[in-house]
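Worksheet: one structure, shown below.
We name chains A, B, ... by the order of the sequence lines, and we start the count at 1 in each one.
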Protein chains: 2
Amino acid sequence: MMKALVNKKTTEQASETEISVNHQKLIDATIETIAKRGLADTTIAHVAKRAKVSQGYANFRFKSKDNLLISSLQYLSDEYKKSWQKIFEEKNIDPIDRIIRIVQNDFSSKIANRNKISVWIAFYSEVKFRPSYLTICQRQDEIYSQQMEKLVSEINNITSQKEFTPKEVSETYHSMVDGLWQRILFDPKIYTNEFCKNLVLKYFRSIYVNEDRFA
Amino acid sequence: MMKALVNKKTTEQASETEISVNHQKLIDATIETIAKRGLADTTIAHVAKRAKVSQGYANFRFKSKDNLLISSLQYLSDEYKKSWQKIFEEKNIDPIDRIIRIVQNDFSSKIANRNKISVWIAFYSEVKFRPSYLTICQRQDEIYSQQMEKLVSEINNITSQKEFTPKEVSETYHSMVDGLWQRILFDPKIYTNEFCKNLVLKYFRSIYVNEDRFA
DNA sequence: TTTTGTATTGAATAATCATTCAATTTTTAT
DNA sequence: ATAAAAATTGAATGATTATTCAATACAAAA
(Lines give C-alpha, C1' and ligand atoms only; values in the text may rest on other atoms or scores of the structure.)
Protein backbone atom coordinates (compact mmCIF):
# COMPACT_ATOMS: atom_id res chain seq x y z
CA MET A 1 0.00 0.00 0.00
CA MET A 2 2.67 2.46 1.08
CA LYS A 3 5.05 0.94 -1.40
CA ALA A 4 2.60 1.54 -4.19
CA LEU A 5 2.48 5.21 -3.44
CA VAL A 6 6.24 5.47 -3.74
CA ASN A 7 7.31 2.93 -6.35
CA LYS A 8 4.57 2.51 -8.87
CA LYS A 9 6.05 4.77 -11.49
CA THR A 10 9.43 6.19 -10.87
CA THR A 11 9.70 8.23 -14.07
CA GLU A 12 6.71 10.46 -13.36
CA GLN A 13 4.47 10.95 -10.33
CA ALA A 14 1.33 10.00 -12.23
CA SER A 15 0.59 7.10 -9.91
CA GLU A 16 0.83 9.23 -6.84
CA THR A 17 -1.55 11.67 -8.43
CA GLU A 18 -3.96 8.85 -9.25
CA ILE A 19 -3.98 7.60 -5.70
CA SER A 20 -4.34 11.12 -4.41
CA VAL A 21 -7.35 11.50 -6.65
CA ASN A 22 -9.06 8.61 -4.89
CA HIS A 23 -7.97 9.94 -1.53
CA GLN A 24 -9.34 13.37 -2.31
CA LYS A 25 -12.49 12.00 -3.95
CA LEU A 26 -13.29 10.23 -0.70
CA ILE A 27 -12.64 13.28 1.45
CA ASP A 28 -14.78 15.43 -0.81
CA ALA A 29 -17.51 12.83 -0.76
CA THR A 30 -17.35 12.68 3.03
CA ILE A 31 -17.76 16.43 3.38
CA GLU A 32 -20.59 16.45 0.85
CA THR A 33 -22.32 13.56 2.57
CA ILE A 34 -22.11 15.18 5.99
CA ALA A 35 -23.45 18.40 4.47
CA LYS A 36 -26.35 16.62 2.79
CA ARG A 37 -27.29 14.02 5.42
CA GLY A 38 -25.66 15.06 8.67
CA LEU A 39 -22.85 13.35 10.54
CA ALA A 40 -25.21 10.94 12.27
CA ASP A 41 -26.47 9.62 8.95
CA THR A 42 -23.14 9.50 7.16
CA THR A 43 -22.18 5.89 6.46
CA ILE A 44 -19.21 4.49 4.61
CA ALA A 45 -21.65 3.13 2.05
CA HIS A 46 -23.04 6.60 1.31
CA VAL A 47 -19.59 8.13 1.05
CA ALA A 48 -18.27 5.35 -1.16
CA LYS A 49 -21.25 5.60 -3.49
CA ARG A 50 -20.81 9.35 -3.83
CA ALA A 51 -17.07 8.93 -4.46
CA LYS A 52 -17.88 6.16 -6.97
CA VAL A 53 -15.70 3.55 -5.31
CA SER A 54 -16.70 0.38 -3.53
CA GLN A 55 -17.57 0.37 0.15
CA GLY A 56 -14.71 -1.98 0.92
CA TYR A 57 -12.23 0.26 -0.81
CA ALA A 58 -13.24 3.35 1.14
CA ASN A 59 -12.61 1.54 4.36
CA PHE A 60 -9.41 -0.04 3.14
CA ARG A 61 -8.06 3.27 1.86
CA PHE A 62 -8.54 5.10 5.18
CA LYS A 63 -8.21 2.10 7.50
CA SER A 64 -11.37 3.11 9.38
CA LYS A 65 -14.37 5.37 9.21
CA ASP A 66 -13.03 7.36 12.12
CA ASN A 67 -9.83 7.98 10.22
CA LEU A 68 -11.75 9.13 7.16
CA LEU A 69 -13.70 11.60 9.28
CA ILE A 70 -10.57 12.96 10.93
CA SER A 71 -8.88 13.33 7.54
CA SER A 72 -11.89 15.23 6.26
CA LEU A 73 -11.90 17.61 9.21
CA GLN A 74 -8.18 18.14 8.75
CA TYR A 75 -8.73 18.95 5.10
CA LEU A 76 -11.47 21.44 5.91
CA SER A 77 -9.30 22.99 8.57
CA ASP A 78 -6.31 23.30 6.23
CA GLU A 79 -8.44 24.80 3.52
CA TYR A 80 -9.70 27.48 5.86
CA LYS A 81 -6.26 28.12 7.26
CA LYS A 82 -4.77 28.61 3.82
CA SER A 83 -7.41 31.18 2.99
CA TRP A 84 -6.57 33.44 5.93
CA GLN A 85 -2.85 32.71 6.02
CA LYS A 86 -2.65 34.15 2.54
CA ILE A 87 -4.15 37.40 3.75
CA PHE A 88 -1.90 37.63 6.80
CA GLU A 89 1.13 37.09 4.57
CA GLU A 90 0.34 39.81 2.04
CA LYS A 91 2.97 42.52 2.00
CA ASN A 92 2.51 46.27 1.73
CA ILE A 93 -1.04 46.37 2.89
CA ASP A 94 -2.51 48.72 5.44
CA PRO A 95 -3.60 46.96 8.69
CA ILE A 96 -7.14 48.21 8.36
CA ASP A 97 -7.38 47.00 4.78
CA ARG A 98 -5.97 43.70 5.92
CA ILE A 99 -8.56 43.19 8.61
CA ILE A 100 -11.28 44.07 6.14
CA ARG A 101 -9.92 41.38 3.82
CA ILE A 102 -10.02 38.95 6.74
CA VAL A 103 -13.68 39.73 7.34
CA GLN A 104 -14.46 39.42 3.65
CA ASN A 105 -12.79 36.03 3.62
CA ASP A 106 -14.66 34.80 6.71
CA PHE A 107 -17.95 35.61 5.02
CA SER A 108 -17.03 34.73 1.46
CA SER A 109 -19.30 32.21 -0.18
CA LYS A 110 -16.39 29.78 -0.41
CA ILE A 111 -15.98 29.73 3.37
CA ALA A 112 -19.31 30.68 4.91
CA ASN A 113 -21.80 28.56 2.99
CA ARG A 114 -24.41 26.28 4.50
CA ASN A 115 -22.69 23.08 3.44
CA LYS A 116 -19.33 23.93 4.94
CA ILE A 117 -20.90 25.38 8.08
CA SER A 118 -23.05 22.35 8.70
CA VAL A 119 -19.96 20.17 8.49
CA TRP A 120 -18.04 22.39 10.90
CA ILE A 121 -20.84 22.31 13.42
CA ALA A 122 -21.17 18.55 13.05
CA PHE A 123 -17.55 18.16 14.08
CA TYR A 124 -17.78 20.85 16.76
CA SER A 125 -20.62 18.93 18.36
CA GLU A 126 -18.35 15.93 18.87
CA VAL A 127 -15.32 17.86 20.01
CA LYS A 128 -15.95 17.08 23.67
CA PHE A 129 -15.86 13.34 22.99
CA ARG A 130 -13.15 13.04 20.36
CA PRO A 131 -9.82 14.47 21.44
CA SER A 132 -8.53 14.30 17.88
CA TYR A 133 -11.25 16.65 16.66
CA LEU A 134 -10.46 19.08 19.43
CA THR A 135 -6.75 19.03 18.64
CA ILE A 136 -7.34 19.87 14.99
CA CYS A 137 -9.72 22.73 15.79
CA GLN A 138 -7.65 24.16 18.62
CA ARG A 139 -4.35 24.25 16.81
CA GLN A 140 -5.93 26.31 14.06
CA ASP A 141 -7.71 28.69 16.42
CA GLU A 142 -4.51 29.41 18.26
CA ILE A 143 -2.56 30.66 15.26
CA TYR A 144 -5.52 32.60 13.91
CA SER A 145 -6.06 34.33 17.26
CA GLN A 146 -2.40 35.11 17.60
CA GLN A 147 -2.16 36.75 14.20
CA MET A 148 -5.45 38.53 14.72
CA GLU A 149 -4.31 40.03 18.02
CA LYS A 150 -1.12 41.27 16.43
CA LEU A 151 -3.09 42.88 13.63
CA VAL A 152 -5.55 44.52 16.02
CA SER A 153 -2.63 45.76 18.05
CA GLU A 154 -1.25 47.55 14.99
CA ILE A 155 -4.64 49.09 14.29
CA ASN A 156 -4.93 50.20 17.89
CA ASN A 157 -1.60 51.95 17.54
CA ILE A 158 -2.47 53.66 14.30
CA THR A 159 -5.83 54.85 15.58
CA SER A 160 -4.64 55.56 19.14
CA GLN A 161 -7.45 53.38 20.41
CA LYS A 162 -6.83 52.52 24.07
CA GLU A 163 -10.19 51.54 25.51
CA PHE A 164 -10.23 48.01 24.05
CA THR A 165 -7.29 45.63 24.17
CA PRO A 166 -6.24 43.60 21.12
CA LYS A 167 -7.27 40.45 22.93
CA GLU A 168 -10.74 41.79 23.63
CA VAL A 169 -11.33 42.93 20.06
CA SER A 170 -9.94 39.73 18.63
CA GLU A 171 -12.01 37.49 20.91
CA THR A 172 -15.14 39.48 20.23
CA TYR A 173 -14.61 39.24 16.51
CA HIS A 174 -13.90 35.54 16.68
CA SER A 175 -16.99 34.76 18.74
CA MET A 176 -19.16 36.89 16.45
CA VAL A 177 -17.94 34.95 13.42
CA ASP A 178 -18.67 31.60 15.07
CA GLY A 179 -22.09 32.79 16.19
CA LEU A 180 -22.99 34.23 12.81
CA TRP A 181 -21.93 31.10 10.97
CA GLN A 182 -24.30 29.20 13.18
CA ARG A 183 -27.09 31.63 12.38
CA ILE A 184 -26.48 31.34 8.65
CA LEU A 185 -27.36 27.69 9.10
CA PHE A 186 -30.54 28.49 11.02
CA ASP A 187 -31.97 31.28 8.98
CA PRO A 188 -30.14 31.95 5.72
CA LYS A 189 -32.92 34.26 4.54
CA ILE A 190 -32.05 36.81 7.20
CA TYR A 191 -28.39 35.98 7.75
CA THR A 192 -26.99 36.46 4.28
CA ASN A 193 -23.21 36.65 3.98
CA GLU A 194 -23.55 40.34 3.21
CA PHE A 195 -25.63 40.97 6.33
CA CYS A 196 -23.12 39.14 8.54
CA LYS A 197 -20.14 40.89 7.02
CA ASN A 198 -21.71 44.29 7.53
CA LEU A 199 -22.64 43.47 11.10
CA VAL A 200 -19.03 42.66 11.89
CA LEU A 201 -17.77 45.77 10.11
CA LYS A 202 -20.22 47.79 12.13
CA TYR A 203 -18.72 46.29 15.27
CA PHE A 204 -15.30 47.51 14.18
CA ARG A 205 -16.76 50.90 13.53
CA SER A 206 -17.94 51.05 17.13
CA ILE A 207 -14.35 50.49 18.25
CA TYR A 208 -12.53 52.61 15.68
CA VAL A 209 -14.84 55.58 15.65
CA ASN A 210 -12.93 57.83 13.30
CA GLU A 211 -12.09 55.22 10.72
CA ASP A 212 -14.60 55.38 7.86
CA ARG A 213 -13.34 52.37 5.93
CA PHE A 214 -15.54 50.13 8.13
CA ALA A 215 -18.49 51.32 6.08
CA MET B 1 -51.75 5.23 28.25
CA MET B 2 -53.36 8.61 27.95
CA LYS B 3 -56.23 7.42 30.11
CA ALA B 4 -53.80 6.52 32.86
CA LEU B 5 -52.44 9.99 32.97
CA VAL B 6 -55.90 11.43 33.50
CA ASN B 7 -57.84 8.84 35.51
CA LYS B 8 -55.43 7.01 37.72
CA LYS B 9 -56.29 8.83 40.92
CA THR B 10 -59.02 11.39 40.85
CA THR B 11 -58.75 12.56 44.46
CA GLU B 12 -55.20 13.83 44.15
CA GLN B 13 -52.82 14.27 41.25
CA ALA B 14 -50.26 11.90 42.71
CA SER B 15 -50.48 9.54 39.77
CA GLU B 16 -49.90 12.29 37.29
CA THR B 17 -46.92 13.37 39.33
CA GLU B 18 -45.57 9.83 39.41
CA ILE B 19 -45.83 9.49 35.67
CA SER B 20 -44.32 12.91 35.24
CA VAL B 21 -41.49 11.73 37.42
CA ASN B 22 -40.68 8.94 34.99
CA HIS B 23 -41.18 11.28 32.08
CA GLN B 24 -38.84 13.83 33.59
CA LYS B 25 -36.35 11.20 34.76
CA LEU B 26 -36.02 10.07 31.16
CA ILE B 27 -35.61 13.58 29.81
CA ASP B 28 -32.98 14.37 32.43
CA ALA B 29 -31.20 11.13 31.67
CA THR B 30 -31.26 11.93 27.97
CA ILE B 31 -29.69 15.34 28.49
CA GLU B 32 -27.09 13.89 30.84
CA THR B 33 -26.28 11.09 28.44
CA ILE B 34 -25.84 13.45 25.50
CA ALA B 35 -23.64 15.66 27.68
CA LYS B 36 -21.49 12.71 28.79
CA ARG B 37 -21.31 10.64 25.60
CA GLY B 38 -22.42 12.86 22.74
CA LEU B 39 -25.55 12.58 20.63
CA ALA B 40 -23.96 10.02 18.30
CA ASP B 41 -23.32 7.65 21.19
CA THR B 42 -26.59 8.16 23.01
CA THR B 43 -28.65 4.97 22.88
CA ILE B 44 -31.99 4.17 24.43
CA ALA B 45 -30.19 1.55 26.52
CA HIS B 46 -27.84 4.16 28.01
CA VAL B 47 -30.63 6.58 28.74
CA ALA B 48 -32.84 3.90 30.27
CA LYS B 49 -30.04 2.67 32.49
CA ARG B 50 -29.31 6.18 33.72
CA ALA B 51 -32.99 6.81 34.38
CA LYS B 52 -33.22 3.42 36.13
CA VAL B 53 -36.02 2.07 33.97
CA SER B 54 -35.99 -0.75 31.45
CA GLN B 55 -35.00 -0.17 27.86
CA GLY B 56 -38.42 -1.25 26.63
CA TYR B 57 -40.14 1.18 28.92
CA ALA B 58 -38.15 4.17 27.75
CA ASN B 59 -39.17 3.47 24.21
CA PHE B 60 -42.76 2.72 25.12
CA ARG B 61 -43.07 5.87 27.20
CA PHE B 62 -41.93 8.21 24.42
CA LYS B 63 -43.09 6.08 21.48
CA SER B 64 -39.68 6.45 19.79
CA LYS B 65 -36.12 7.56 20.35
CA ASP B 66 -36.69 10.49 18.04
CA ASN B 67 -39.59 11.62 20.16
CA LEU B 68 -37.51 11.36 23.32
CA LEU B 69 -34.82 13.53 21.78
CA ILE B 70 -37.32 16.13 20.61
CA SER B 71 -38.91 16.23 24.05
CA SER B 72 -35.52 16.73 25.63
CA LEU B 73 -34.66 19.62 23.31
CA GLN B 74 -38.05 21.15 24.01
CA TYR B 75 -37.40 20.88 27.73
CA LEU B 76 -34.00 22.51 27.42
CA SER B 77 -35.48 25.24 25.28
CA ASP B 78 -38.31 25.91 27.73
CA GLU B 79 -35.91 26.01 30.64
CA TYR B 80 -33.80 28.63 28.93
CA LYS B 81 -36.82 30.61 27.83
CA LYS B 82 -38.22 30.74 31.36
CA SER B 83 -34.94 32.10 32.65
CA TRP B 84 -34.92 35.11 30.33
CA GLN B 85 -38.68 35.62 30.20
CA LYS B 86 -38.56 36.24 33.93
CA ILE B 87 -36.07 39.05 33.43
CA PHE B 88 -38.02 40.64 30.61
CA GLU B 89 -41.16 40.59 32.76
CA GLU B 90 -39.65 42.26 35.81
CA LYS B 91 -41.30 45.58 36.58
CA ASN B 92 -39.70 48.83 37.67
CA ILE B 93 -36.27 48.11 36.41
CA ASP B 94 -34.07 50.38 34.37
CA PRO B 95 -33.47 49.15 30.80
CA ILE B 96 -29.72 49.16 31.27
CA ASP B 97 -29.99 47.14 34.46
CA ARG B 98 -32.32 44.78 32.66
CA ILE B 99 -29.92 44.12 29.81
CA ILE B 100 -27.14 43.54 32.33
CA ARG B 101 -29.36 40.95 34.02
CA ILE B 102 -29.91 39.32 30.64
CA VAL B 103 -26.17 39.06 30.09
CA GLN B 104 -25.66 37.69 33.59
CA ASN B 105 -28.29 35.07 32.90
CA ASP B 106 -26.80 34.06 29.55
CA PHE B 107 -23.49 33.40 31.27
CA SER B 108 -24.76 32.07 34.56
CA SER B 109 -23.45 28.65 35.52
CA LYS B 110 -26.98 27.25 35.30
CA ILE B 111 -27.24 28.20 31.62
CA ALA B 112 -23.72 28.41 30.23
CA ASN B 113 -22.09 25.23 31.50
CA ARG B 114 -20.25 22.66 29.42
CA ASN B 115 -22.92 19.99 29.78
CA LYS B 116 -25.79 22.17 28.64
CA ILE B 117 -23.75 23.73 25.86
CA SER B 118 -22.61 20.40 24.49
CA VAL B 119 -26.23 19.30 24.32
CA TRP B 120 -27.28 22.50 22.55
CA ILE B 121 -24.55 22.14 19.97
CA ALA B 122 -25.41 18.47 19.46
CA PHE B 123 -28.93 19.48 18.51
CA TYR B 124 -27.78 22.50 16.51
CA SER B 125 -25.62 20.22 14.41
CA GLU B 126 -28.69 18.28 13.31
CA VAL B 127 -30.94 21.26 12.75
CA LYS B 128 -30.44 21.19 8.98
CA PHE B 129 -31.70 17.61 8.78
CA ARG B 130 -34.49 17.56 11.37
CA PRO B 131 -37.14 20.17 10.78
CA SER B 132 -38.58 19.60 14.26
CA TYR B 133 -35.29 20.64 15.88
CA LEU B 134 -35.20 23.77 13.78
CA THR B 135 -38.77 24.68 14.69
CA ILE B 136 -38.09 24.43 18.40
CA CYS B 137 -34.92 26.52 18.19
CA GLN B 138 -36.32 29.11 15.83
CA ARG B 139 -39.50 29.81 17.76
CA GLN B 140 -37.44 30.60 20.83
CA ASP B 141 -34.94 32.77 19.00
CA GLU B 142 -37.67 34.84 17.49
CA ILE B 143 -39.25 35.91 20.76
CA TYR B 144 -35.89 36.49 22.39
CA SER B 145 -34.72 38.68 19.49
CA GLN B 146 -37.95 40.61 19.49
CA GLN B 147 -37.78 41.43 23.20
CA MET B 148 -34.10 42.18 22.94
CA GLU B 149 -34.58 44.65 20.12
CA LYS B 150 -37.29 46.43 22.07
CA LEU B 151 -35.01 46.67 25.07
CA VAL B 152 -32.09 47.97 23.03
CA SER B 153 -34.42 50.48 21.44
CA GLU B 154 -35.27 51.86 24.89
CA ILE B 155 -31.61 52.09 25.78
CA ASN B 156 -30.86 53.83 22.50
CA ASN B 157 -33.50 56.41 23.37
CA ILE B 158 -32.24 56.97 26.87
CA THR B 159 -28.64 57.33 25.77
CA SER B 160 -29.43 59.14 22.51
CA GLN B 161 -27.39 56.55 20.69
CA LYS B 162 -28.12 56.75 16.94
CA GLU B 163 -25.18 55.15 15.18
CA PHE B 164 -26.29 51.56 15.82
CA THR B 165 -29.81 50.30 15.27
CA PRO B 166 -31.55 48.05 17.84
CA LYS B 167 -31.48 45.22 15.32
CA GLU B 168 -27.75 45.56 14.81
CA VAL B 169 -26.97 45.63 18.51
CA SER B 170 -29.32 42.76 19.25
CA GLU B 171 -27.97 40.58 16.45
CA THR B 172 -24.40 41.30 17.42
CA TYR B 173 -25.12 40.39 21.02
CA HIS B 174 -26.92 37.23 20.04
CA SER B 175 -24.16 36.01 17.76
CA MET B 176 -21.53 36.79 20.39
CA VAL B 177 -23.40 34.70 22.93
CA ASP B 178 -23.67 31.75 20.56
CA GLY B 179 -20.03 32.05 19.61
CA LEU B 180 -18.83 32.34 23.19
CA TRP B 181 -20.89 29.36 24.31
CA GLN B 182 -19.14 27.36 21.65
CA ARG B 183 -15.77 28.56 22.86
CA ILE B 184 -16.58 27.64 26.45
CA LEU B 185 -16.85 24.10 25.14
CA PHE B 186 -13.50 24.30 23.36
CA ASP B 187 -11.38 25.97 25.93
CA PRO B 188 -13.01 26.40 29.33
CA LYS B 189 -9.69 27.41 30.89
CA ILE B 190 -9.64 30.64 28.91
CA TYR B 191 -13.34 31.13 28.33
CA THR B 192 -14.66 31.22 31.85
CA ASN B 193 -18.19 32.50 32.33
CA GLU B 194 -16.77 35.64 33.89
CA PHE B 195 -14.48 36.27 30.93
CA CYS B 196 -17.34 35.86 28.45
CA LYS B 197 -19.70 38.06 30.43
CA ASN B 198 -17.13 40.84 30.65
CA LEU B 199 -16.37 40.59 26.96
CA VAL B 200 -20.02 41.14 26.15
CA LEU B 201 -20.32 44.00 28.61
CA LYS B 202 -17.30 45.57 27.01
CA TYR B 203 -19.07 45.37 23.67
CA PHE B 204 -21.99 47.30 25.13
CA ARG B 205 -19.57 49.83 26.48
CA SER B 206 -18.27 50.41 22.96
CA ILE B 207 -21.81 51.25 21.88
CA TYR B 208 -22.97 53.20 24.92
CA VAL B 209 -19.87 55.22 25.53
CA ASN B 210 -21.06 57.35 28.41
CA GLU B 211 -22.77 54.60 30.36
CA ASP B 212 -20.43 53.32 33.08
CA ARG B 213 -22.63 50.49 34.32
CA PHE B 214 -21.17 48.26 31.61
CA ALA B 215 -18.08 47.98 33.76
C1' DT C 1 1.95 -13.03 -24.38
C1' DT C 2 2.68 -14.39 -19.81
C1' DT C 3 3.78 -13.39 -15.23
C1' DT C 4 3.64 -10.88 -11.15
C1' DG C 5 2.20 -7.62 -8.08
C1' DT C 6 -1.19 -4.04 -6.96
C1' DA C 7 -5.82 -1.90 -6.89
C1' DT C 8 -10.44 -2.59 -6.33
C1' DT C 9 -14.59 -5.06 -5.67
C1' DG C 10 -18.64 -6.78 -3.28
C1' DA C 11 -20.50 -10.26 -0.62
C1' DA C 12 -20.15 -12.22 4.10
C1' DT C 13 -19.55 -11.20 9.02
C1' DA C 14 -20.31 -9.55 13.37
C1' DA C 15 -21.62 -5.89 16.24
C1' DT C 16 -24.85 -2.44 17.55
C1' DC C 17 -29.25 -0.74 18.42
C1' DA C 18 -34.27 0.79 18.04
C1' DT C 19 -38.41 -1.36 18.47
C1' DT C 20 -41.78 -4.93 19.75
C1' DC C 21 -44.42 -7.70 22.74
C1' DA C 22 -45.58 -11.59 25.75
C1' DA C 23 -44.99 -12.10 30.49
C1' DT C 24 -44.77 -10.16 35.12
C1' DT C 25 -45.37 -6.85 38.69
C1' DT C 26 -47.86 -3.16 40.66
C1' DT C 27 -51.89 -0.41 41.35
C1' DT C 28 -56.82 0.45 41.57
C1' DA C 29 -61.60 -0.71 42.17
C1' DT C 30 -65.00 -3.72 44.01
C1' DA D 1 -59.14 -10.20 49.44
C1' DT D 2 -59.86 -10.64 44.57
C1' DA D 3 -60.32 -9.28 40.09
C1' DA D 4 -59.34 -6.09 36.54
C1' DA D 5 -56.46 -2.75 34.61
C1' DA D 6 -52.25 -0.42 34.08
C1' DA D 7 -47.31 -0.09 34.41
C1' DT D 8 -43.05 -2.11 33.63
C1' DT D 9 -39.84 -5.58 32.31
C1' DG D 10 -36.42 -7.85 29.40
C1' DA D 11 -35.58 -11.01 25.98
C1' DA D 12 -36.28 -11.61 20.94
C1' DT D 13 -36.41 -9.40 16.36
C1' DG D 14 -34.97 -7.13 12.42
C1' DA D 15 -32.60 -3.42 10.44
C1' DT D 16 -28.44 -0.98 9.89
C1' DT D 17 -23.63 -0.64 9.32
C1' DA D 18 -18.37 -0.84 9.99
C1' DT D 19 -15.09 -3.99 8.84
C1' DT D 20 -12.96 -8.02 6.63
C1' DC D 21 -11.28 -10.71 2.96
C1' DA D 22 -11.35 -13.95 -0.89
C1' DA D 23 -11.93 -13.10 -5.60
C1' DT D 24 -11.27 -10.25 -9.67
C1' DA D 25 -9.60 -6.50 -12.60
C1' DC D 26 -5.88 -3.99 -13.88
C1' DA D 27 -1.18 -2.48 -14.84
C1' DA D 28 3.77 -3.16 -15.29
C1' DA D 29 7.63 -5.96 -16.39
C1' DA D 30 9.72 -9.63 -18.76
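DNA chain C lies under 4.0 Å from no heavy atom of any residue of residues 123-135 of chain B.
Distance, B:H23 NE2 to D:dT8 P: 13 Å, rounded to whole Å. Nucleotide D:dT17 holds its C1' atom 13 Å from the CZ atom of A:R37, rounded to whole Å. When the P atom of D:dC21 is taken as reference, atom CZ of A:R61 falls 19 Å away, rounded to whole Å. As rounded to whole Å, 11 Å separates atom P of D:dG10 from atom CD of B:Q55. Between A:K49 atom NZ and D:dT17 atom P there is a gap of 13 Å when expressed in whole angstrom units. Atom pair A:F62:CZ and D:dA18:C1' shows a separation of 16 Å (rounding to whole Å applied). For the pair B:D66 CG and C:dT19 P, the computed distance is 8 Å after rounding to whole Å. One interatomic measurement links the two molecules: CD1 of A:I44 to C1' of C:dG10, which rounds to 14 Å at whole-angstrom precision.
The side chain of A:Y57 approaches C:dT9 more closely than any other nucleotide in the set D:dT8, C:dC17, C:dT9. Residue A:D41 has its side chain nearest to D:dT17 when only C:dT19, C:dT9, D:dT17 are considered. The side chain of B:S54 lies closest to D:dT9 when the candidates are D:dT19, C:dA18, D:dT9.
Electrostatic pairing of B:E194 and B:K197 counts as a salt bridge here, judged by a charged N lying under 4.0 Å from a carboxylate O. With salt bridges taken as basic N to acidic carboxylate O contacts below 4.0 Å, one links B:E90 and B:R101.
Across every non-hydrogen atom of A:R205 and A:F214, the tightest pair is NE-O, 3.1 Å.
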Open item on the list: Does B:D178 form a side chain to side chain donor-acceptor pair (under 3.5 Å) with B:Q182? I'd like the steps, not just the answer.
Closed with: CA-CA 6 Å; B:D178 282 353; B:Q182 209 169 89; over 6 Å; no
Open item on the list: Applying salt bridge (Lys or Arg N to Asp or Glu O under 4.0 Å) to A:R98 and A:E154, what does each step give before you reach the verdict?
Closed with: CA-CA 11 Å; A:R98 198 192 299 275; A:E154 290 174 41; 5.7 Å; no
TODO: I would like to know whether A:Q55 and A:N59 meet side chain to side chain donor-acceptor pair (under 3.5 Å); could you show each step before the answer?
DONE: CA-CA 7 Å; A:Q55 188 174 343; A:N59 204 80; over 6 Å; no
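In this structure the side chain of A:E171 reaches within 4.5 angstrom of the side chain of B:F195, judged on heavy atoms.
Look at B:N59 and you'll find a side-chain N or O under 4.0 angstrom from OP1 or OP2 of C:dT19.
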